[in-house]
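Below: one structure, written as structure tokens.
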Amino acid sequence: YGADTDDHRIFARALSPAWLPNAVMSVANASASAATALVTGTTDDRVEDREFREKTYLTLRDAFKEENVPRRVRRRGRTGKLHRFAFGVTHKGAIALVDTVVPNAISVAARFTSFSAVGGRKEYGAFLAYKRLLANEDSALLAEVADVVPLEALVASIEREFRVRTSAH
């Protein structure tokens with residue numbers, strides 16, 4: 001579009017006042033294109049996350065029975081705010097909180113915030129299922145508050161957690 005970028009800005013140079021409308025249009029077109037790319041990418045991530053979340057639910061439902069896999073589980077955090085998790089899996093009075101995560105900063109930050117606010121794995125079984133590998137630093141951060149596992153290992157991980165928690169009581 002004839003525009004340049006510098007840090008977090010899009011700009012164009014008008015060599016004379018006559019070129020100013022062209023420079024403005026260049027920046028406007030570049031901005032619109034960037035916004036479209038961002039929205040399209042975000043929408044794709046949301047669709048992928050929604051589809052993966054549904055696949056995760058079906059996997060949990062098949063393994064633990066529908067009545068033991070509530071959707072949209074809410075838990076109050078230490079500050080009193082309610083945090084929502086995609087699913088819970090219940091067993092003998094215990095609950096595992098389960099959510100999905102995709103490799104983008106918003107998904108990672110939201111899941112870390114929610115799990116850490118309610119005590120994460122210290123208070124509950126806490127699991128994050130992923131479809132696509134996360135960056136090492138994102139996996140390390142999330143591992144502080146939840147078990148981060150591929151969907152294929154989720155059921156076995158939850159079953160192991162319940163064995164440990166129910167045998168300890």
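For this chain, numbers begin at 1 and follow the sequence in order.
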- Item | Student check: side-chain heavy atoms of L134 and V148 closer than 4.5 Å | yes
- side chain to side chain contact (heavy atoms under 4.5 Å, CB included) evaluation trace for F64 with T90: CA-CA 8 Å; F64 298 107; T90 60; over 6 Å; no
- Message: I'd like to know whether V101 forms a side chain to side chain contact (heavy atoms under 4.5 Å, CB included) with D138, so could you lay out the CA-CA distance, the side-chain angles of the two residues, the decisive distance to 0.1 Å, and finally the verdict.
- Response: CA-CA 10 Å; V101 63; D138 292 341; over 6 Å; no
- Task: With rounding to the nearest 0.5 Å, note down the distance linking CG in L128 to CG in L154.
- Result: 9.5 Å
- Residues in side chain to side chain donor-acceptor pair (under 3.5 Å) with R74, at least two apart? none
- Query: For the residue pair S116 and T113, what are the closest heavy atoms and their distance?
  - Reply: OG-O, 3.2 Å
- Message: Let me confirm one number: the NZ-NE2 distance from K65 to H91, rounded to the nearest 0.5 Å.
- Response: 11.0 Å
- One should read off an interatomic distance between F85 CZ and T100 OG1, to the nearest 0.5 angstrom, of 12.5 Å
- Task: Identify the heavy atoms of E144 and F112 that sit nearest to each other, and give their distance.
- Result: OE1-CE1, 4.4 Å
- Query: From N68 CG over to I158 CD1, what is the distance, rounded to the nearest 0.5 angstrom?
  - Reply: 11.5 Å
- Item | Residue list, side-chain contact (heavy atoms from CB on, under 4.5 Å) with A140, at least two apart or on another chain | none
- Show your reasoning for whether side chain to side chain contact (heavy atoms under 4.5 Å, CB included) applies to R53 and F87. CA-CA 9 Å; R53 191 168 286 196; F87 318 107; 3.6 Å; yes
- Output for pair (L151 CG, Y130 OH), nearest 0.5 Å, gives 10.5 Å
- Query: Who pairs with R61 by salt bridge (charged side-chain N to carboxylate O under 4.0 Å, His left out), at least two apart in sequence or on another chain?
  - Reply: none
- Task: Identify the residue among E159, R160, E161 that makes a side-chain contact (heavy atoms from CB on, under 4.5 Å) with S157.
- Result: R160
- More than 12 foreign heavy atoms under 6.0 Å from CZ of R84: is that the case here? no
- So, Y124 versus F115, ring centres under 6.0 angstrom or not? no
- Hey, could you give me the CD/CG distance between E66 and L60, rounded to the nearest 0.5 Å? 12.0 Å
